[in-house]
Amino acid sequence: MLDIRFVRKNIDVIKEALEKRRADIDVDLFLRLDAQRRKILSELEQLNAQRNKLNTEISHLKRHGEDATGLIQTLKEISVKAKSLDETLSQIQSQIQDWLMQLPNIPHASVPVGKDESENVVVKMWGEKPAFSFPPKPHWEIGEFLKILDFKRAAKITGSRFVVYRGLGAALERALINFMLDLHVKRHGYTEIFPPFVVNEESLFGTAQLPKFKEDLFKIEGEKYYLIPTAEVPVTNLHRDEVLKEEDLPLKYVAYSACFRAEAGSYGRDVRGIIRQHQFNKVELVKFTTPESSYEELEGLLADAEEVLQMLGLPYRVVTLCTGDLGFGAAKTYDIEVWVPSQETYREISSCSNYEAFQARRANIRFRRKGAKKNELVHTLNGSGLAIGRTVVAILENYQQKDGSVIIPEVLRPYLGGIEKIEAAA
RNA sequence: GGAGAGAUGGCCGAGUGGUCGAAGGCGCUCGCCUGCUAAGCGAGUGUGGGGUUAAAAGCCCCACCGAGGGUUCGAAUCCCUCUCUCUCCGCCA
């Protein structure tokens with residue numbers, strides 16, 4: 001959410017941002033509602049001030065045992081008027097709130113202008129794509145051959161877009177989680193969080209999944225709870241309605257969680273394999289920073305996520321999302337895309353974003369500078385570090401051998417009891 | 001799931017219809033005093049919104065005593081619903 005006063009005073013900036021994003025939102029509606037709101041608000045407040053004055057007089061009279069019938073009559077009339085104004089006001093206010101909730105963040109000046117995904121800008125290439133002496137297999141074939149991924153039984157026990165990891169597959173998933181957590185905690189200085197995987201509506205409003213993206217979420221029937229689509233939600237909301245201390249910033253958290261996504265509207269995309277699942281694991285990085293340091297911290301966050309791929313020896317590239325592809329609440333986003341040999345393409349494995357104060361305003365996360373009177377909103381950032389399932393895809397495909405086995409990257413071996421490769425069970 | 005108790009400012013805690021944004025204490029900030037980083041004295045110390053302003057400060061006004069609704073001329077105080085916390089019982093990894 002953006003600051004209503006900022007919007008009011010910078011309507012041209014808003015219009016330009018919406019145009020760059022190719023978003024169609026009625027800005028004039030806002031201006032009309034806002035003008036109405038302020039007019040009614042000041043009328044109402046004048047009435048209230050009048051009422052408060054008369055009330056004081058009445059209480060004086062009453063305490064001296066004098067008659068206040070006339071004043072009470074006047075007050076009755078004022079109260080009736082105030083009540084109806086109040087109703088009108090709250091209607092307008094909720095309309096304004098709805099409008100503001102629909103308004104996306106303003107892209108940062110450094111974000112390239114573009115219409116869609118095709119105009120994202122590659123800013124970095126890392127690693128060498130593996131050269132195979134045979135046609136590389138897709139990860140689902142490798143996984144089934146090695147009996148580490150079981151799609152059939154997952155479909156039986158749950159449904160499509162679910163998978164069962166078995167044996168070394170399950171161990172690999174667990175190893176990756178531990179490896180990434182250890183890296184970010186011990187080397188990058190993040191604090192580990194193990195959050196609830198279920199959250200309430202307020203949290204989802206705070207991080208801007210609601211109200212716009214309800215159809216992407218799993219809701220628990222009969223409860224007010226939702227399954228989290230990412231650990232970003234519980235971790236960012238850790239400090240909802242809090243005032244942080246300047247000296248504690250930046251706060252850096254890393255959290256493992258399962259993530260649940262309805263994937264509505266993605267029928268037919270990535271139907272095979274584990275690229276797109278209803279449930280997947282992810283290690284997420286979240287930062288709370290001062291406004292002036294958030295872009296520096298974004299670069300740091302990106303580097304922390306990249307290091308995972310570097311240590312695993314997986315080739316990747318980094319792209320800056322253009323304005324047309326930028327997520328709703330983000331001011332700037334880097335995607336890290338890992339090389340997937342069977343598809344001969346790079347696939348997103350991490351998305352690192354600076355939300356500036358967009359989430360902080362919704363979630364009311366502030367900080368106070370030393371000696372300052374006023375609280376300010378923090379900036380929030382987050383990024384995957386990394387998506388576990390897609391990392392498994394990358395490992396299986398990039399490290400596959402001609403005989404169908406898969407070499408384990410060295411850094412993972414201590415997490416897998418020292419084994420060097422996954423082979424077909426005898 | 002059943003029964004009961006509670007939710008007030010950074011913290012503790014008073015306040016059962018009118019002068020309450022809220023006593024008192026603690027903490028914190030500033031000042032004074034004191035021949036030691038103590039004690040004492042004085043003042044200040046919530047958040048959000050609207051107006052005034054080029055802007056800020058300041059000033060004026062409004063709202064907020066877990067949340068939402070209601071009664072009333074008037075609600076922290078009365079009524080209803082919800083949420084959370086605590087105690088006991090039941091169930092349970």
Side-chain angles (χ1 to χ4, degrees), chain A residues 1-13 30-101 194 196-206 210 219-220 222-226 234 237-248 258 291 357 360-378:
Chain A
M1 191 164 66
L2 296 172
D3 181 9
I4 185 167
R5 279 169 302 188
F6 177 86
V7 175
R8 188 184 294 149
K9 286 183 183 161
N10 299 275
I11 209 72
D12 294 338
V13 177
F30 167 79
L31 292 176
R32 277 201 307 277
L33 288 171
D34 184 54
Q36 265 183 66
R37 169 179 171 268
R38 278 184 296 163
K39 183 166 163 277
I40 293 175
L41 185 63
S42 70
E43 276 176 42
L44 177 64
E45 287 189 345
Q46 271 175 36
L47 277 183
N48 282 343
Q50 224 180 98
R51 191 193 61 194
N52 287 343
K53 249 186 213 153
L54 287 180
N55 264 327
T56 313
E57 285 178 37
I58 290 175
S59 65
H60 271 288
L61 289 175
K62 288 259 179 183
R63 245 172 305 109
H64 294 90
E66 291 174 46
D67 179 58
T69 328
L71 283 182
I72 289 179
Q73 192 52 42
T74 317
L75 259 188
K76 250 183 193 163
E77 284 159 23
I78 290 176
S79 279
V80 170
K81 244 192 263 174
K83 204 165 199 174
S84 87
L85 265 186
D86 197 43
E87 271 163 31
T88 317
L89 182 67
S90 50
Q91 263 179 32
I92 290 172
Q93 254 160 353
S94 81
Q95 283 180 61
I96 289 175
Q97 190 67 10
D98 291 348
W99 189 89
L100 282 172
M101 284 281 193
F194 194 101
F197 295 177
V198 169
V199 293
N200 58 29
E201 281 196 346
E202 288 81 358
S203 293
L204 288 158
F205 272 99
L210 286 178
K219 180 159 200 266
I220 298 175
E223 303 281 342
K224 50 178 188 164
Y225 299 136
Y226 293 80
N237 278 281
L238 232 37
H239 295 300
R240 172 150 54 86
D241 293 319
E242 290 186 13
V243 179
L244 305 171
K245 287 195 214 129
E246 182 185 18
E247 61 263 35
D248 292 338
R361 185 169 294 105
R362 290 178 169 230
N364 190 27
I365 308 168
R366 293 166 299 168
F367 77 104
R368 189 190 291 270
R369 292 186 197 272
K370 266 204 189 109
K373 271 213 132 174
K374 277 259 187 180
N375 296 325
E376 288 176 56
L377 295 167
V378 299

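Order of the sequence lines sets the chain letters (A, B, ...), proteins ahead of strands, with each chain counted from 1. Everything numeric in this text was worked out from a predicted model, so none of it was measured.
The residue among A:Leu41 and A:Ser79 whose nearest nucleotide of RNA chain B is located toward the 5' end is A:Leu41. Mapping A:Gln93 and A:Gln46 onto RNA chain B via the closest heavy atom, the residue that lands nearer the 5' end is A:Gln93.
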Inset, instruction - Dot-bracket for RNA chain B, please, read 5' to 3', with Watson-Crick or G-U wobble pairs under 3.5 Å on both distances, ( ) within the strand, [ ] crossing, | other strand, . unpaired. - result: ((((((((.[[[..)..(.....]]]((((((.......))))))(((((((.....))))))).[[[[[..)....]]]]])))))))....
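Look at the C1' atom in both B:rA23 and B:rC12: the space between them is 14 Å, to the nearest Å. Straight-line distance between the P atoms of B:rA67 and B:rU8: roughly 10 Å, to the nearest whole Å. Straight-line distance between the P atoms of B:rG42 and B:rC82: roughly 50 Å, to the nearest whole Å. Distance noted for atom P between B:rU34 and B:rU45: 28 Å (whole Å). Annotation: B:rA43 and B:rC33 have their C1' atoms spaced 15 Å apart (nearest Å). Here the separation of B:rU83 from B:rA22, taken at their P atoms, is 33 Å to the nearest Å. Only the C1' atoms considered, B:rG13 is 36 Å distant from B:rG90, to the nearest whole Å. For the C1' atom pair drawn from B:rC79 and B:rG17, the interatomic distance equals 13 Å after rounding to whole Å.
Along RNA chain B, read 5' to 3', the first and last nucleotides having any atom under 4.0 Å from a heavy atom of chain A are B:rG18 to B:rC84.
How far CZ of A:Arg38 is from CG of A:Leu41: 10.0 Å, rounded to the nearest 0.5 Å. Once rounded to the nearest 0.5 Å, the distance linking CG of A:Asp34 with CD1 of A:Ile4 reads 5.0 Å.
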Inset, instruction - Apply the test side-chain contact (heavy atoms from CB on, under 4.5 Å) to residues A:Asn55 and A:Arg51: give CA-CA distance (whole Å), side-chain angles for both, the deciding distance (0.1 Å), then the verdict. - result: CA-CA 6 Å; A:Asn55 264 327; A:Arg51 191 193 61 194; 3.9 Å; yes
Inset, instruction - Could you walk me through whether A:Glu77 and A:Lys81 pass the salt bridge (charged side-chain N to carboxylate O under 4.0 Å, His left out) test, one step at a time? - result: CA-CA 6 Å; A:Glu77 284 159 23; A:Lys81 244 192 263 174; over 6 Å; no
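For A:Glu202, there are no salt bridge (Lys or Arg N to Asp or Glu O under 4.0 Å) partners, not counting sequence neighbours. Taking A:Tyr226 as the reference, nothing meets the ring pair (Phe, Tyr, Trp, His ring centres under 6.0 Å) condition, with sequence neighbours excluded.
Note on A:Arg8: only backbone sugar-phosphate atoms sit closer than 4.0 angstrom, heavy atoms only; bases stay farther off. Nucleic acid contact class of A:Lys9 (heavy atoms, under 4.0 Å, all strands): none. Backbone-only contact: A:Lys83 has heavy atoms under 4.0 Å from sugar-phosphate atoms and none from a base. Within 4.0 Å of A:Asn55, counting heavy atoms only, lies at least one base atom of the nucleic acid. Using a 4.0 Å heavy-atom cutoff across all strands shown, A:Ile58 reaches at least one base atom of the nucleic acid. A:Thr56 comes within 4.0 angstrom of no nucleic acid atom, judged by non-hydrogen atoms across all strands.
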Expected list for residues 86-94 of chain A: side-chain donor-acceptor pairs under 3.5 angstrom, two or more places apart:
{"from": "A:Thr88", "atom 1": "OG1", "to": "A:Ser84", "atom 2": "O", "distance (Å)": "2.9"}
{"from": "A:Ser90", "atom 1": "OG", "to": "A:Asp86", "atom 2": "O", "distance (Å)": "3.2"}
{"from": "A:Ser90", "atom 1": "OG", "to": "A:Glu87", "atom 2": "O", "distance (Å)": "3.1"}
{"from": "A:Ser94", "atom 1": "OG", "to": "A:Gln91", "atom 2": "O", "distance (Å)": "3.1"}

Quick one: side chains of residues 237-244 of chain A, donor-acceptor pairs under 3.5 Å with protein atoms, not counting sequence neighbours, listed by atom name and distance.
{"from": "A:Asn237", "atom 1": "OD1", "to": "A:Arg240", "atom 2": "NE", "distance (Å)": "2.7"}
{"from": "A:Asn237", "atom 1": "ND2", "to": "A:Ser203", "atom 2": "O", "distance (Å)": "2.8"}
{"from": "A:Asn237", "atom 1": "ND2", "to": "A:Val233", "atom 2": "O", "distance (Å)": "2.8"}
{"from": "A:His239", "atom 1": "ND1", "to": "A:Glu242", "atom 2": "OE1", "distance (Å)": "2.8"}
{"from": "A:His239", "atom 1": "NE2", "to": "A:Tyr253", "atom 2": "OH", "distance (Å)": "2.8"}
{"from": "A:Arg240", "atom 1": "NH2", "to": "A:Ser203", "atom 2": "OG", "distance (Å)": "2.9"}
{"from": "A:Asp241", "atom 1": "OD1", "to": "A:Asn364", "atom 2": "ND2", "distance (Å)": "3.0"}

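In this structure, A:Arg366 contributes its side chain and A:Lys374 its backbone to no donor-acceptor pair below 3.5 Å.
The minimum heavy-atom distance between A:Phe367 and A:Leu377, with the atom names listed, is CE2-O, 3.7 Å.
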